[in-house]
Amino acid sequence: MNKTYLHQLIEKLPESTLPTVGSFIGYMLEQSSAEQISDETHDNAQLDDEDYSQEELESFQQGIEEFHRGETISHDEMKRRFNVA
């Protein structure tokens, strides 16, 4: 599939569907732009060179122990439980 083919499909659409198609294309552009901005922000972020507090280190250790005991759930399971795509 390429842009020429998509243009051909759009030309075949009834006028009544254009607002919906336009909204969808706009949404896709926003998502693409947001992902690009997010990637650029991540790539250009400065490293955090601050030391962790004792409380943070203990929290990390607690999480690791919970993981080893099987008390955590996967990211996919979390998305399923909360009905997130």
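This is a predicted model, so every value here is computed, not measured.
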What I'd like to find out is whether the side chain of [X] reaches to under 4.5 Å of the side chain of [Y], using heavy atoms alone.
X: Gln62; Y: Glu58; result: no
X: Glu56; Y: Ser59; result: no
X: Met78; Y: Val84; result: no

[atom1]-[atom2] distance between [X] and [Y], expressed to the nearest 0.5 angstrom:
X: Lys12; Y: Thr17; atom1: NZ; atom2: OG1; result: 13.5 Å
X: Arg80; Y: His75; atom1: CZ; atom2: NE2; result: 14.0 Å
X: Ile10; Y: Leu18; atom1: CD1; atom2: CG; result: 8.5 Å

Contacts of Ser16 that satisfy side-chain contact (heavy atoms from CB on, under 4.5 Å) - sequence neighbours left out: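 Scan of Ser16 (side-chain contact (heavy atoms from CB on, under 4.5 Å), adjacent residues dropped) gives Pro14.
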side-chain contact (heavy atoms from CB on, under 4.5 Å) against Asn2, all qualifying residues, sequence neighbours excluded: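 Thr4, Tyr5.
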Do the side chains of Phe60 and Phe67 join up, straight or via other hydrophobic residues, at under 4.5 Å, putting them in one cluster?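 No, no single cluster joins them.
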Let me check something: do Ile25 and Leu9 share a hydrophobic cluster, defined by ILVMFWY side-chain heavy atoms less than 4.5 Å apart, either directly or through other members?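 Not linked; separate clusters.
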Does Pro19 offer a backbone N or O that forms a donor-acceptor pair with the side chain of Ser23 under 3.5 Å?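 Side chain of Ser23 to backbone of Pro19, a donor-acceptor pair under 3.5 Å: yes, one is there.
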Should we say atom CD of Glu77 is surrounded by more than 12 heavy atoms from elsewhere, each under 6.0 Å from it?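 Above 12, so yes.
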